[in-house]
> 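My structure is below; once you've seen it, I'll send some questions.
Note that this is a predicted model, so its numbers are computed, not measured. The basis for the numbers below is simple: all heavy atoms, side chains too, and nothing from hydrogens, waters or symmetry mates.
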Amino acid sequence: MTYQDRQTKYGGYITILVLVFAGVFFVVVSSLSGYIFIQNKVQFSKENREKAGAIAEAGLDYYKWFLAHFPDDLQDGTGASGPYEHTYNDPESGEIGTFSLDVEGNTQCGVVTSIDITSTGWTSDDTSLTRVIFGRYAHPSVAEYAYIVNGNVWAGEDRTIMGRYHSNGGIRMDGENQSLVESAVASWTCTATFDCDPDSTEDGIFGVGPNSHLWDFPVAQIDFAGITADLSTMKTLAGSGGIYLGDSGAYGYHVVFQSDGTLDVYRVDSAGNGDWGYSSQWGWEQEYNTILSETFLQSYTPPADCSLVFVEDKLWIEGTVKGKITIASADLVNANIETDIIIEGDINYSTLAGTDGLTVIAEEDILIPAVSPNDLSIRGIFIAQTGHFGRNYYDAAEEYNPDDAYKNSLTISGTIVSNGRVGTKWNCNGVYCSGYNTRNSSYDRTQAKDPPPLTPYTSDDFNFIEWREEL
């Protein structure tokens with residue numbers, strides 16, 4: 001093979017190698033360029049997604065501001081139905097994007113109870129990428145607490161409390177709290193009724209409870225007069241759109257909640273036993289809280305748009321609740337009479353999905369009577385406006401049936417609001433002597449964000465009580 005032939009042969013090999021390496025280099029460069037381009041696009045999309053979320057949140061903030069100035073306007077000042085679009089501008093770079101608002105008021109008995117705001121945001125650079133934020137705007141309700149008490153209170157060592165616990169007075173916390181405990185006083189005088197002998201001045205919250213790092217005092221007082229329901233308004237609304245029961249002409253009414261959403265109503269023809277019960281608020285009183293005879297009147301179905309029941313008489317309640325219902329008892333005809341509500345038996349919900357709820361409002365006391373289940377379970381928001389929630393002290397030596405003094409367990413899921421001191425277990429000289437021996441309390445989160453109609457609130461200010469991103 002001549003020199004020229006060898007040069008031609010090797011030159012062909014080199015050409016092929018150059019072409020191969022050039023092809024590999026082109027593929028690598030193309031792939032790298034594509035990767036960089038895709039990463040840049042992904043980063044651009046992420047940036048626009050974050051901006052869209054911020055713009056959607058800005059929409060909620062805007063309508064919160066708008067409602068602060070125009071609290072009854074759910075149409076964004078347009079007088080027309082939505083959605084309502086607004087351009088979102090940055091002070092430095094100008095227009096960034098747009099948010100669109102859907103606003104819907106939730107009403108019961110013709111009263112707006114909360115406002116649902118759905119805000120959709122997107123950027124001007126990518127209008128196809130949107131994010132949706134939902135917020136429920138309402139007064140914070142009493143359902144955000146496990147307990148609100150207007151005076152001094154003692155939680156014993158056997159207590160387990162899950163949920164926020166507030167007192168406008170002092171608190172002796174010997175039980176286990178798994179949430180905030182708040183007292184509105186810096187110090188108070190603990191007396192013998194709180195197992196302090198002799199009397200002593202204590203911090204706003206003291207005791208042997210294990211979670212003292214969750215104790216907070218003094219905090220702002222909750223205006224108890226402000227959180228009580230307007231019973232006169234409730235009576236009017238129940239009479240025009242809900243269920244109103246006037247004077248029974250007897251001892252009162254017995255309402256049994258049914259799992260199909262109806263209420264069975266009985267007239268209590270006689271009530272008795274004449275048990276002597278003692279409470280810290282009223283002292284010794286002879287009670288007639290045991291139903292001896294009753295007459296069935298009729299079954300009611302609460303209207304979907306006004307599930308409010310007002311009873312102008314004493315009331316006994318029990319049963320399984322379906323839907324969101326508020327029931328109130330008050331005598332607004334006779335100025336010298338304040339009515340009580342008696343918990344006759346278990347109160348539960350047909351489901352635990354948050355679609356059911358109960359608010360119970362008594363003009364004076366909400367009481368568990370002497371004749372009550374040995375193991376009692378109740379769900380709901382229980383408000384004793386001028387009296388107290390509890391089971392009074394019964395002396396076993398004096399009762400018709402001594403066993404009625406002693407009960408086993410009480411489970412409460414929901415909220416207790418009591419003007420007077422709450423008491424469901426009694427100790428005599430440090431020894432259990434009456435009431436429910438074991439007690440567990442927890443607040444119901446589902447009621448906190450969506451309470452039954454006209455449930456009292458703790459502040460005149462509106463807040464977002466629920467916030468979530470719609471996926």
> Check this for me, if you would: do R468 and E470 make a salt bridge, where the nitrogen-to-carboxylate-oxygen distance has to be below 4.0 angstrom?
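Salt bridge flag = yes for E470 with R468.
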> If you measure from NE2 on H254 to CH2 on W316, what distance do you get to the nearest 0.5 Å?
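Here the rounded value is 9.5 Å.
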> Give a yes or no on whether a salt bridge exists between E294 and R267, defined as a side-chain N under 4.0 angstrom from a carboxylate O.
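Looking at E294 and R267, the cut-off is not met.
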> To the nearest 0.5 Å, tell me how far D305 CG sits from Q108 CD.
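These two atoms lie 7.0 Å from each other.
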> Side-chain contact, heavy-atom cut-off 4.5 Å: D102 with I117?
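SC-SC contact between D102 and I117 ruled out.
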> Rounded to the nearest 0.5 Å, what separation is found between the CG atom of D395 and the OH atom of Y278?
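One finds 13.0 Å between CG of D395 and OH of Y278.
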> Keeping N211 on the side-chain end and N177 on the backbone end, is there a donor-acceptor pair under 3.5 Å?
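Checked: pair present.
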> Taking atom CG of D365 and atom CD of Q385, what is their separation to the nearest 0.5 Å?
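Here the rounded value is 12.0 Å.
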> Kindly compute the distance separating CD1 (I171) from CG (D203), expressed to the nearest 0.5 Å.
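It is 12.0 Å, given to the nearest 0.5 Å.
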> Taking D174 for the side chain and V208 for the main chain, is one N or O donor matched with an acceptor at less than 3.5 Å?
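Yes, the answer is positive, given that a donor and an acceptor are paired below the 3.5 Å cut-off.
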> Output yes when a side-chain donor or acceptor of S409 lies under 3.5 Å from a complementary backbone atom of T438, and no otherwise.
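Checking the backbone N and O of T438 against the side chain of S409, no donor-acceptor pair under 3.5 Å is found.
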> Does the separation of the ring centres of H139 and F462 fall below 6.0 angstrom?
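Distance test on ring centres: under 6.0 Å, yes.
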> Answer with yes or no after comparing the ring centroid distance for Y432 and Y406 against a 6.0 Å cut-off, counting only values under it.
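They qualify: ring centres under 6.0 Å apart.
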> Identify whether the distance between the nearest side-chain nitrogen and carboxylate oxygen of D158 and K425 falls below 4.0 Å.
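Salt bridge between D158 and K425, a charged N being under 4.0 Å from a carboxylate O: yes.
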> Indicate, with yes or no, if the rings of F194 and W154 have centres closer together than 6.0 Å.
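Not under 6.0 Å, so no.
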> Would you say that V153 contacts R172 through its side chain, given a criterion of any heavy-atom pair below 4.5 Å between the two side chains?
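Result no, sub-4.5 Å side-chain heavy-atom pair not found.
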> Going from CD1 on I342 to CD1 on I291, what distance comes out if it is rounded to the nearest 0.5 angstrom?
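Separation between the atoms: 9.0 Å.
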> So that I can tick it off, tell me whether K322 and D356 are bridged by a salt bridge, with the cut-off set at under 4.0 angstrom between side-chain N and carboxylate O.
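Not counted as a salt bridge, because no side-chain N and carboxylate O are separated by less than 4.0 Å.
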> Any carboxylate oxygen within less than 4.0 angstrom of a Lys/Arg side-chain nitrogen, looking at R164 and E182?
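Looking at R164 and E182, the cut-off is met.
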